[in-house]
Amino acid sequence: MSVESTAAPPCAAVVPRGAGSPLTRFVGREAETAALAAAVRTTRLVSVVGPGGSGKTRLAHAVRDRLEAEGGPVTWWVSLAQLDRPALLWSTVADAVRVAEVPGRSPAEAVARRLRERDGLLVLDNCEHLVAGCAELAGELLAACPRLRILTTSREPLAAAGESTWWLEGLPVPAEPAAPRAADLTVSPAVELFTDRARLVRPDFAVTDANAADVARLCRRLDGMPLALELAAARLRVLPLPRIVGWLDDAVSLLVTTGRDVPPRQATLRATLDWSHDLLPAAERDLFARLSVFRGGFGLAAAAAVAGDDAGALDTLQLLTRLVEKSLVQARTDGSEERYRFLEVVRQYAADRLGEQAGITGTRHAHFMLELAERGERGLAGAGLTGWLDRLHRDRDNLRAALAWSRGHDPGLGVRLAGALGRYWRLSGQYAEGRQWLAAAVSGLDGSTAPAARAKALTALGTLEFLQCEYAPATARLDEARRLHTATGDDRGVADAVQSLASIAREQGRYADARRHHAEVLAIARRRGDPAGTARAIKSMGFTAGLEGDHDAAVEWSADAVRRFRELGDDEGLAGALIDLAAATRHRGDPGTAWSLLDRSLAIGDRLGLREATAWARDQQGMIAAARGERTEAVRLLRDSLRVHHELGDRWRTASVLDALAGLRTDPPGGARLLAAADSLRETLGTPLPPCERAGHERRWQAVRAQLAPAELERACSQARAWTVDEAVAEALTDPPAVVAAPVAVAVSAAEVVVQALGRTRVVVAGRTVGAADWTYAKPRELLYHLLTRPGSTKAEIGLALWPDAAGTELRNSFHTGLKLLRRALGDAVRVRYAGGTYRLEPVLPLHFDVDDFGTAARKSEDIGALTAAARLYAGDFLSDVPTGAWAEPHREQLRREYEYVLRTLGGLLAKQHRFGEAIEVFTRLAAHDPLLEAAHRGLMRCHAALGDRGRAVRQYEQLAGLLRDQLGVPPSPETVQLRARLLRDR
């Protein structure tokens, strides 16, 4: 006789179908749900593995619901989180599948007998503390039940035969713009989840431009982990958002909920992590705590170094592998190197467990970073520069942590570390940060610090101060460094200090002092047999000669430096020497050759990430473009240069670029303001105008004086002299009102609707921007664009486009929900009308859709003004910044083709009217749109030739030929080859 079991085994939680379903909306894992459901259909054992709080259980619920909605197999759900007696595992599963207890038959036999002939899915939720038992159970059931499938959730894989592992991470978080807008965050699932849960405690919560930065930072700091985001949202009940963000450094303690229906191990983030930590053996706990000293990731060698004791790399790898398998550490392959990292909240928790080991672990970490920095310092001086820049950049957070730790524990180590990083900070353009660390390190020194270490740090600090035009403190540091280097007999150190002193003299107009210093550096390098130092000194000689206006000498010195750097394989030095040679060549009247030299420098600088060098090169190309009458291109290049020089804090070069841009202003008062601002900045710095720039500067002043009345000129100059550097740069980066380009979209008034789909998307209803919170989720916004693009679509057509995997009830619910939310977002300004089986938008207010405006302008193929407007409206590809279904791709490609037609036609019309400079701008945009389009390159070749620069035209052909060869393996077309031959013949 058998008795049906109705009670759950002790300490187990059985969730029958229809009970235990989540009460909150599932957000942000639609793609994972579909993919995982597909995997469950084809793979018999699938394990969802991830750290605590990553949403494994919730995803499993979504997969179960999706499969059942599609008519899939019956599902049995077993929650194992509270099962603390492994011996009851089989009984728990038996109860879940409703098998009868039969005397003399084990639960395993009963379960297998019940499931043997049934199509079903068994979900084992939270297996991490019962991994061995669950692996054994899965193996036996799958062998005995050929139609059964098993889905598990766990913090580590079961390691069972036939297991397919799905690693779950946090939700995608926003990118890092300096000042994000609400619209920038609409595509982030992490933001969507946080917003959804925030509205449960504050129904009025919305992401706005005012709080977008805080929302983005919170989501990034919490690594998009769903549990952490939900707990943070719950805190909005009692704390304002900025206060929550400010306390994220103690996120483990901050993130707590008081919900009575939440499992105890998920009520706080600490409890969730305790659950994982308590399952670790002692050796894994120890490594877990020690690794918390790392920031931003680490490699195996670094992990072994901080593990200490007698642990070698292999032993550390074994322990680290276990931590990865248990989802406490994440593993990545970074090129040829393995890379590991903590989620930030997990790292904070691990750091709390470090205890009395903190001191020795911090010491090991700092010493490892010092060794890395000193090897990097040597590597940055050779052919491995690119690799070492990347390596140090990867570990910049660890380097910062080591510098911060050293300040309070080992100042001598800190000054060595900061001094070793001086070259890295300079080459990577991190002047301000490098100065902060170096100043802090130097200020904490006492007499016990080795003179050599102090001298190196002072040289690095003085050099960075010079680069930001702080000449007085820089000179004091460098003089002291020179004295210390001399006392220790370090000729190389003396040369480095004197090199920077020479640069200060050069910028202050003391050219004789600069030449004397450069000669001293050159003598030291030759005496030491240092070819790299010799090349640098020769380059400096050429640069100084060029500033003084001795361009023949500058060409001679710079050409010698180029040859030497090329022989040494020193690309960083070569990039700078090419710029010096190009500048002197330009001044000697050969802009074509100068442009080619600058292109070579830019290729190197862009590859190496040399911001200073690329800014100099674009500055020089901007001057060449200005001399050719290519105003738009000149302004673009000079503004690019100005932005970088200003960001680096190089006010000396900022003044020169402001001066150059003044000559390109179309409004005389604006030109006068920029010239006055440049003069005022030079006066503040105490740096005279370099002789090579004086003629151009005087021509610009003469031009504005000729166009402005004295009173108006004085008014403009007075205004500029009161500006800060930031204000002067902002003025230079802004078009004057008279020539401002027409906006991409029509002006927004309070009585119309504006929808932008080209480039950055935007929807404005009666003066109000519709943000992520208004849409609720992404589909209503996509539905708007679909209806605008395909008016008169049926429900079936819309469903196939937006919900291709849904059917029946799911599709109907999704469609009606999307339609309801669309109507709510648009309010009364636009109605969605259903008639004759189709849907279309019926605007109440005037509606401007940039795609329609673009098409209307593009069809006026003989009207230069209309085509120019069309080109301006095309701010980027159709819906390029929002995720869409496949329906959008044909429209995207059609609009790209129309844009190509607009540019080709417009360029041709401008060229026919001999407006070659404007035509070059249009054909340049066309080549950027499609680099392999020969018509664009032919247009550029013809226009450059028409302006008398046949050399530039031929180089355009060579550029095209290289692209076609490298990407398609074909030569240019006969038409293009014939054009080149004609240009060569006519030279």
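Side-chain atoms are counted along with the backbone in the values below, which use heavy atoms only and exclude waters and symmetry mates. Counting begins at 1 with the first residue of the sequence. What you see is a predicted model, and the numbers here were worked out from it, not measured in a lab.
Looking at heavy atoms from C-beta onward, Tyr424 lies in side-chain contact with Arg396 at the 4.5 angstrom threshold. Residues His891 and Arg790 meet the side-chain proximity criterion, which asks for heavy atoms closer than 4.5 Å. Side-chain contact between Leu642 and Thr654: present, with at least one pair of heavy atoms (C-beta onward) separated by less than 4.5 Å. At a threshold of 4.5 Å between non-hydrogen side-chain atoms, the residues Tyr785 and Thr761 count as touching. Looking only at side-chain heavy atoms (C-beta outward), Trp616 and His645 come within less than 4.5 Å of each other. Counting only heavy atoms from C-beta outward, the side chains of Arg586 and Leu598 never approach each other to under 4.5 Å. In this structure the side chain of Arg694 reaches within 4.5 angstrom of the side chain of Pro691, judged on heavy atoms. Val562 is listed as a side-chain neighbour of Arg566, based on a closest heavy-atom distance under 4.5 Å.
Nearest heavy atoms, Ala678 versus Leu658: CB-CB, 4.2 Å. The minimum heavy-atom distance linking Leu674 with Ala728 is given by the pair CD2-O, 4.0 Å. The shortest heavy-atom contact between Leu610 and Ala575 is CD1-CB, 4.4 Å. Across all their heavy atoms, Ala553 and Ala545 have their closest contact at CB-CB, 4.2 Å. Closest non-hydrogen pair, Pro972 versus Val977, comes out as O-CG2, 3.8 Å. Ala888 and Thr884 get closest at one heavy-atom pair: CB-OG1, 3.4 Å.
When atom types are taken as modelled, the side chain of Ser540 and the backbone of Arg536 share a donor-acceptor pair closer than 3.5 angstrom. Side chain of Arg631 to backbone of Leu664: a donor-acceptor contact under 3.5 angstrom is found. In this structure, the side chain of Ser641 does not engage the main chain of Leu637 through any donor-acceptor pair within 3.5 Å. The closest donor-acceptor contact from the side chain of Arg892 to the backbone of Phe878 lies under 3.5 Å. Of the possible donor and acceptor atoms, none in the side chain of Arg426 sits under 3.5 Å from a partner among the backbone N and O of Arg423. Listed for the Asp580 side chain is no donor-acceptor partner under 3.5 Å among the backbone atoms of Ser558.
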Residues Arg942, Glu975; criterion salt bridge (Lys or Arg N to Asp or Glu O under 4.0 Å); working and verdict: CA-CA 12 Å; Arg942 293 188 179 103; Glu975 182 182 356; 3.8 Å; yes
Side chain to side chain contact (heavy atoms under 4.5 Å, CB included) between Asp570 and Leu574: does it pass, once the steps are laid out? CA-CA 6 Å; Asp570 184 342; Leu574 179 60; over 6 Å; no
Candidate pair Thr769 and Arg181, rule side chain to side chain contact (heavy atoms under 4.5 Å, CB included), full reasoning: CA-CA 11 Å; Thr769 299; Arg181 302 181 306 164; over 6 Å; no
Run Glu898 and Tyr874 through side chain to side chain contact (heavy atoms under 4.5 Å, CB included) and show every step you take. CA-CA 10 Å; Glu898 289 183 22; Tyr874 195 93; over 6 Å; no
Would you please test Asp606 and Arg618 for salt bridge (Lys or Arg N to Asp or Glu O under 4.0 Å) and show each step? CA-CA 11 Å; Asp606 287 337; Arg618 289 191 172 93; 3.6 Å; yes
Can you list the steps and then say if Leu602 with Gln621 is a side chain to side chain contact (heavy atoms under 4.5 Å, CB included)? CA-CA 10 Å; Leu602 278 169; Gln621 286 194 332; 3.5 Å; yes
Give the C-alpha distance, both sets of side-chain angles, the deciding distance and a yes or no for salt bridge (Lys or Arg N to Asp or Glu O under 4.0 Å) between Glu567 and Arg564. CA-CA 5 Å; Glu567 290 173 354; Arg564 291 172 183 270; over 6 Å; no
Got a list of side-chain donor-acceptor pairs under 3.5 Å for residues 925-937, not counting sequence neighbours?
from	atom 1	to	atom 2	distance (Å)
Arg925	NE	Tyr899	OH	3.2
Arg925	NH2	Ala871	O	2.9
Arg925	NH2	Tyr899	OH	2.8
His929	NE2	Arg896	O	3.3
Asp930	OD1	Leu932	N	3.2
Glu934	OE1	Ser973	N	3.0
Glu934	OE1	Ser973	OG	3.0
Glu934	OE1	Thr976	OG1	2.6
Glu934	OE2	Ser973	N	3.2
His937	ND1	Gln956	NE2	3.1
His937	NE2	Pro931	O	2.8

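Classification of Glu900 and Arg904 as a salt-bridged pair holds, one side-chain N sitting under 4.0 Å from a carboxylate O. Looking at Asp571 and Arg607, a side-chain N of the basic residue comes within less than 4.0 Å of a carboxylate O on the acidic one, giving a salt bridge. Arg636 has no carboxylate O lying under 4.0 Å from a charged side-chain N of Glu921, or vice versa, which leaves the two without a salt bridge. The pair Arg700-Glu693 fails the salt-bridge criterion, with no side-chain N (NZ, NE, NH1 or NH2) lying under 4.0 Å from an Asp/Glu carboxylate O. Under 4.0 Å is where a charged nitrogen must lie from a carboxylate oxygen, and between Glu633 and Arg628 no such pair does.
For the atom pair Leu873 CG and Asp853 CG, the distance stands at 6.0 Å (nearest 0.5 Å). Rounding to the nearest 0.5 Å places CZ of Arg651 at 10.5 Å from NE2 of His646. Taking CG from Leu385 and CD1 from Ile604, the interatomic distance works out to 11.0 Å, rounded to the nearest 0.5 Å. With values rounded to the nearest 0.5 angstrom, Leu648 atom CG is found 10.5 Å from Gln430 atom CD. Atom CZ of Phe923 is separated from atom CG of Leu906 by 8.5 Å, given to the nearest 0.5 angstrom. Between the CG atom in Asp877 and the CG atom in Leu758 there is a gap of 8.5 Å [rounded to 0.5 Å].
Side-chain contact of Arg653 with Ser656: a donor-acceptor pair under 3.5 Å is present, judged by distance alone. A side-chain N or O of Asp590 and one of Thr593 form a donor-acceptor pair less than 3.5 Å apart.
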